[in-house]
Amino acid sequence: FLPDKLFPELTKKDFIKALEYAKKATTVFPRNAEAQVNLGNIYLLNFDTLAGIKHFEQALILEPQNINLKNQVESFLQLSGFPRKATVVK
């Protein structure tokens with residue numbers, strides 16, 4: 001999907017600002033899985049899939065028992081063409 005089609009009212013400046021805030025959240029709360037997921041999502045919206053995956057994996061390290069998170073990350077990896085990484089999530 002394309003962020004500009006999904007969120008036409010957002011500008012590149014909005015994504016940059018969101019990225020700044022999300023990075024700050026992971027710095028202030030480094031052990032917060034939700035902050036890692038938020039940062040991963042913002043990277044995905046900026047077409048940086050590998051950076052997004054990195055933060056999803058970090059969230060899983062922080063909350064390895066979170067079944068919903070595991071399922072979401074596994075589904076994303078499968079859909080994004082990373083099936084090997086998806087099997088590791090299980």
Side-chain angles (χ1 to χ4, degrees):
F1 76 101
L2 301 174
D4 58 333
K5 303 288 188 229
L6 190 58
F7 305 107
E9 69 281 2
L10 296 179
T11 65
K12 186 68 174 171
K13 183 178 171 185
D14 294 323
F15 284 112
I16 291 169
K17 197 61 153 172
L19 187 59
E20 283 178 29
Y21 285 125
K23 282 181 177 179
K24 185 171 185 174
T26 60
T27 300
V28 174
F29 304 104
R31 302 205 42 81
N32 184 300
E34 187 175 342
Q36 294 293 336
V37 170
N38 287 339
L39 182 53
N41 286 328
I42 292 167
Y43 275 119
L44 292 180
L45 289 172
N46 279 295
F47 303 104
D48 192 344
T49 303
L50 295 178
I53 289 171
K54 173 185 159 197
H55 289 282
F56 292 155
E57 289 172 337
Q58 183 62 36
L60 285 171
I61 290 168
L62 294 171
E63 290 188 12
Q65 303 305 319
N66 186 330
I67 301 301
N68 289 331
L69 179 59
K70 280 184 180 182
N71 290 337
Q72 288 174 351
V73 171
E74 181 184 352
S75 293
F76 170 75
L77 292 170
Q78 288 284 353
L79 292 171
S80 297
F82 294 93
R84 284 189 177 170
K85 281 186 175 270
T87 58
V88 173
V89 172
K90 292 180 181 183

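What's counted below: heavy atoms across the whole structure, side chains too, no hydrogens, waters or symmetry copies. Predicted model only: the values in this text are computed from it and were never measured.
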- Nearest-0.5 Å distance, CD1 of residue Ile67 to CD of residue Glu74: 10.5 Å
- Pairwise distance CD(Glu63) to NZ(Lys70) - rounded to 0.5 angstrom: 11.0 Å
Is the backbone of [Y] close enough, under 3.5 Å, to the side chain of [X] for a donor and an acceptor to pair up by distance?
X: Thr26; Y: Lys23; result: yes
X: Asn66; Y: Asn68; result: yes
X: Asn46; Y: Ile42; result: yes

For the residue pair [X] and [Y], what are the closest heavy atoms and their distance?
X: Phe29; Y: Ala35; answer: O-CB, 4.5 Å
X: Thr49; Y: Leu44; answer: CA-CD2, 3.7 Å
X: Leu62; Y: Pro30; answer: CD1-O, 3.6 Å

- Query: Would you say Leu60 and Leu50 are hydrophobically clustered, going by side-chain heavy atoms of ILVMFWY under 4.5 Å?
  - Reply: yes
- Item | Trace of the side chain to side chain contact (heavy atoms under 4.5 Å, CB included) decision for His55 with Val37 | CA-CA 6 Å; His55 289 282; Val37 170; over 6 Å; no
- Item | Intermediate values then yes/no, side chain to side chain contact (heavy atoms under 4.5 Å, CB included), Ile53 and Val73 | CA-CA 8 Å; Ile53 289 171; Val73 171; over 6 Å; no
- Give the ring-plane orientation class for Phe76 versus Phe56, where under 30° counts as parallel, over 60° as perpendicular and anything between as tilted. perpendicular
- Carboxylate-amine/guanidinium contact Glu20 Lys17, below 4.0 Å: yes
- Message: Between Leu45 and Asn41, does the side chain to side chain contact (heavy atoms under 4.5 Å, CB included) criterion hold? Intermediate values first, please.
- Response: CA-CA 6 Å; Leu45 289 172; Asn41 286 328; 5.6 Å; no
- Query: Heavy atoms, side chains only, cut-off 4.5 Å: are Gln36 and Asn32 in contact?
  - Reply: no
